[in-house]
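So that the names make sense, note that chain A is the first sequence line, chain B the second, and so on, each numbered from 1.
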Protein chains: 2
Amino acid sequence: MVTLADVAQHAGVSASTVSYVLSGKRTISEVTKQRVEHSIRELGYLPNAGARALASSRSNIIALMMPLRTDMYVPVMMEIAIAVATNAREHGFDVLMLTGEEGPSAVRRVVGSGLADAVILMDVELDDARLPLLRESGRPAVLIGLPAQTTGFTCVDLDFAGAGSLCAEHLAGLGHREIAMIGEAPAVYERKTGFAERTVDGLRSRARELGVRVLHRPCEGTYAAMASALGQIFTERPGVTGFVVQNEQAVEPLLSLLRQDRRAVPEDISVVAVCPEQVALQGSVRLTSVTIPAREMARRAVDHLIAKIEGKADDEVVLLQPELVTRASSGPAPV
Amino acid sequence: MVTLADVAQHAGVSASTVSYVLSGKRTISEVTKQRVEHSIRELGYLPNAGARALASSRSNIIALMMPLRTDMYVPVMMEIAIAVATNAREHGFDVLMLTGEEGPSAVRRVVGSGLADAVILMDVELDDARLPLLRESGRPAVLIGLPAQTTGFTCVDLDFAGAGSLCAEHLAGLGHREIAMIGEAPAVYERKTGFAERTVDGLRSRARELGVRVLHRPCEGTYAAMASALGQIFTERPGVTGFVVQNEQAVEPLLSLLRQDRRAVPEDISVVAVCPEQVALQGSVRLTSVTIPAREMARRAVDHLIAKIEGKADDEVVLLQPELVTRASSGPAPV
DNA sequence: CAGAGGAGTCGAAGCGCTTCGACAAGGCGG
DNA sequence: CCGCCTTGTCGAAGCGCTTCGACTCCTCTG
């Protein structure tokens with residue numbers, strides 16, 4: 001193992017000089033710098049992470065906590081996680097992966113031991129048990145999601161209410177007067193994550209303004225559940241011509257069932273999805289959709305977090321503006 | 001911040017005693033132990049990770065490297081990652097998430113700096129660029145997958161060849177004489193990950209023994225790609241009555257297209273999938289499938305890795321035995 | 001031409017923990 | 001009843017790095 005001291009000796013300078021070359025915290029003459037850097041390369045020196053963390057009380061590690069709810073849509077989480085890791089690296093940080101298994105106290109452990117400098121929380125509930133612990137710790141934190149009480153945290157999320165109203169506007173603009181919303185699985189609502197409700201609220205209130213009737217049905221992402229939900233919807237509201245789907249697992253079942261039912265998309269029925277772009281593109285029909293910008297959320301979260309670590313950012317609620325892209329699954333309401 | 005010394009003082013013992021209570025590496029009388037543990041709780045002491053790593057040259061961190069190929073099936077990766085993290089915690093380890101973005105040298109950085117004690121590599125290619133670096137580092141490593149050259153590593157993977165032959169046996173046993181295999185996307189084969197080829201090989205050789213003809217078609221997981229592949233298959237081999245699908249994104253398109261084509265599953269066509277259990281269960285038809293045991297793979301990988309860290313395990317190739325579960329998508333060949 | 005101040009470097013003091021050797025106190029066999 | 005081993009505890013020496021103050025040259029400025 002090569003140490004700082006070895007490099008210093010090899011370059012004929014003191015250890016502190018090498019350290020300053022590495023950190024750039026003091027001016028070092030160009031010659032010395034070159035010499036030191038050459039020695040570093042020559043010896044294949046890599047600073048010891050533990051020693052660094054101990055001396056500087058900074059680990060350059062961000063903890064990413066993602067509880068694993070099987071009912072939660074996994075690809076979005078994964079995309080965010082990957083993007084967080086990639087982004088963090090660009091700032092010189094690594095990412096520690098925390099699952100929900102350990103419970104809220106994982107936050108305390110990781111932050112209290114100095115293992116992580118800061119925390120990103122995913123899948124945040126309205127009244128999340130991890131938040132008090134995090135607040136107490138005083139460490140920088142960013143939430144992906146929007147809890148009831150945001151003081152002390154920066155929150156990054158899609159403006160789901162806005163997404164809902166965009167869907168309402170789109171369908172209303174195409175002449176639809178009765179629409180149904182296929183929501184997330186009931187378990188998601190029970191868990192009180194907030195985003196599902198916000199979407200419905202946004203959809204509802206804009207629809208009301210535009211004179212459109214809305215029927216909302218939470219639904220699991222299986223064929224069976226979808227079939228039953230669809231049956232109920234058409235029984236209760238035979239005039240429904242537009243669908244908004246938030247549960248991405250339900251998208252294919254819905255399309256498939258409509259097809260079986262001999263209802264053409266978009267001629268008879270228009271479908272708008274709230275989902276990641278990939279899902280909108282890869283199905284049997286290219287879906288008109290409001291994209292869930294996973295990468296963008298991750299990028300914002302990391303950038304904010306780094307800024308907070310460096311003491312140059314305040315708490316803030318960042319709601320990303322949703323965009324609706326019209327594709328092949330929506331069209332004018334039938335006459 | 002509470003330190004070991006604070007605890008020692010509070011308990012009226014020396015720092016080393018506290019350390020030994022924590023690590024259990026020397027015998028400590030029950031009374032002292034109680035007293036120390038009480039002080040720890042009282043003060044809310046958490047050992048500093050950096051100091052610990054520095055002094056013991058063990059970070060208790062495992063690096064999990066998962067390159068992000070968009071063509072790779074994401075949920076399996078995610079399931080493995082989560083299971084790795086959860087399992088590692090049970091052994092007192094945390095997991096550092098590495099993406100492919102940084103390139104193979106990420107391995108060197110993380111291991112050379114002492115940030116991670118060991119490494120788990122996912123999505124291993126036959127001739128993976130990360131392997132030489134890892135070998136050189138001398139750190140314990142487990143690969144999830146099977147490269148061409150395994151010396152120096154423990155490898156954990158599903159016996160995909162066995163999975164292939166199970167599929168052949170199942171379909172042959174039901175009387176099918178001509179089967180088609182829908183493989184992974186062409187990009188997967190080009191990347192030389194090995195598992196896709198092994199499945200085909202296993203399927204082919206067992207099929208030959210059983211007198212079954214096999215047609216193999218790599219296929220992307222989109223409707224369009226599937227439609228075209230299916231057209232070609234039935235043109236080339238009109239007598240095909242059995243399908244083996246390895247690309248899980250292709251499963252729903254296949255079923256949907258067969259339905260459209262008025263070919264009933266399982267009456268006219270039998271379908272066997274190689275996929276995680278969840279995928280087999282949640283579609284429009286409950287699929288006969290060979291499960292990809294993501295969690296089990298993760299568990300084995302972590303257990304082996306920990307054993308290697310503690311110096312009590314050798315390199316080994318662990319191929320998990322595949323199991324075929326018969327469900328609603330396969331039945332006797334039509335007469 | 002003296003003094004101020006900047007640039008470049010060094011030495012040393014930790015950071016909080018682990019671990020090794022030492023040592024005191026008691027239990028045992030011979 | 002002495003020496004020996006075991007058990008329980010302590011002190012001190014690091015682990016490899018960061019960082020603060022101090023010091024030495026220079027280069028300006030008045």
Side-chain angles (χ1 to χ4, degrees), chain A residues 1-37 39-40 43-61 92 109-117 309-310, chain B residues 1-37 39-40 43-61 92 109-117 309-310:
Chain A
M1 149 149 270
V2 185
T3 71
L4 227 211
D6 298 335
V7 175
Q9 189 176 353
H10 185 273
V13 298
S14 78
S16 49
T17 301
V18 177
S19 178
Y20 286 124
V21 168
L22 252 23
S23 70
K25 292 191 180 173
R26 285 206 181 168
T27 46
I28 299 287
S29 70
E30 194 54 33
V31 231
T32 323
K33 194 183 291 184
Q34 294 295 338
R35 201 139 38 87
V36 169
E37 278 165 357
S39 297
I40 288 178
L43 302 178
Y45 169 68
L46 282 174
N48 179 310
R52 208 164 232 203
L54 176 57
S56 66
S57 33
R58 289 260 257 110
S59 65
N60 282 325
I61 290 180
R109 180 178 65 83
V110 147
V111 139
S113 67
L115 218 195
D117 294 331
I309 290 174
E310 291 170 350
Chain B
M1 149 149 268
V2 185
T3 71
L4 230 209
D6 298 335
V7 175
Q9 189 176 354
H10 185 272
V13 298
S14 76
S16 50
T17 301
V18 177
S19 178
Y20 286 123
V21 167
L22 251 24
S23 68
K25 291 190 181 174
R26 286 205 180 169
T27 45
I28 299 285
S29 69
E30 194 53 35
V31 230
T32 324
K33 193 182 291 185
Q34 294 295 341
R35 200 139 38 85
V36 169
E37 278 166 357
S39 296
I40 288 178
L43 301 178
Y45 169 68
L46 283 174
N48 178 309
R52 202 165 237 203
L54 177 57
S56 65
S57 32
R58 290 261 257 108
S59 65
N60 282 328
I61 290 180
R109 180 178 65 83
V110 147
V111 139
S113 66
L115 219 195
D117 294 332
I309 290 175
E310 292 171 349

Is any side-chain nitrogen or oxygen of B/Ser19 closer than 4.0 Å to OP1 or OP2 of C/dT18?
yes
By nearest heavy atom, map B/Thr32 and A/Ala15 onto DNA chain D; which one lands nearer the 5' end?
B/Thr32
Closer than 4.0 Å, any side-chain N/O of B/Arg52 to the OP1 or OP2 of C/dG16?
no
Given atom CD of A/Glu30 and atom P of C/dA7, what is their separation to the nearest angstrom?
15 Å
Can you tell me how far P of C/dA13 sits from CG of A/Leu54, to the nearest Å?
17 Å
Would you say the side chain of A/Ile28 lies within less than 4.5 Å of the side chain of A/Val36, judging by non-hydrogen atoms?
no
Quiz question: going by heavy-atom distance under 3.5 Å, is there a donor-acceptor pair between the base of C/dC17 and the side chain of B/Tyr20?
no
Between C/dG16 atom P and B/Gln9 atom CD, what is the distance in whole Å?
14 Å
OP1 or OP2 of C/dT19 versus the side-chain N and O atoms of B/Lys25: is any pair under 4.0 Å?
yes
At 4.0 Å (heavy atoms only), tell me whether A/Ser16 reaches a base, stays on the sugar-phosphate, or touches nothing.
base
Applying the side chain to side chain contact (heavy atoms under 4.5 Å, CB included) criterion to A/Glu37, which one of A/Leu22, A/Val21, A/Val7, A/Val18 satisfies it?
A/Val21
How long is the line joining CE of B/Met1 and C1' of C/dG16, in whole Å?
8 Å
From CG of B/Leu46 across to P of C/dC17 the rounded distance in Å is 10 Å
A/Leu4 has an atom CG; how far is it from atom C1' of C/dC10, in whole Å?
14 Å
Measure the distance from CG on A/Asn48 to P on C/dG16 and round it to the nearest whole Å.
17 Å
To the nearest angstrom, the CZ-P distance between A/Arg35 and C/dT9 comes to 8 Å
Side-chain N or O of B/Thr17 less than 4.0 angstrom from OP1 or OP2 on D/dC10?
yes
A/Val2 pairs by side chain to side chain contact (heavy atoms under 4.5 Å, CB included) with which of A/Leu46, A/Ile40, A/Asn48, A/Leu43?
A/Leu43
Quick one: the side chain of B/Ser14 and the base of D/dG11, do they pair up donor-acceptor inside 3.5 Å?
no
Non-neighbouring partners of A/Arg26 that pass side chain to side chain donor-acceptor pair (under 3.5 Å), sequence neighbours left out:
none
Do the side-chain N or O atoms of A/Ser29 get closer than 4.0 angstrom to the phosphate oxygens (OP1, OP2) of C/dT9?
yes
Please report the closest heavy-atom contact between B/Leu54 and A/Leu54, naming both atoms and the distance.
CD2-CD2, 3.3 Å
OP1 or OP2 of C/dG8 less than 4.0 angstrom from a side-chain nitrogen or oxygen of A/Thr27, does that happen here?
yes
Is there a donor and acceptor pair closer than 3.5 Å between the side chain of A/Arg26 and the base of D/dG21?
yes
Against the side chain of A/Val13, the closest entry in C/dC10, C/dT9, D/dG16 is C/dC10
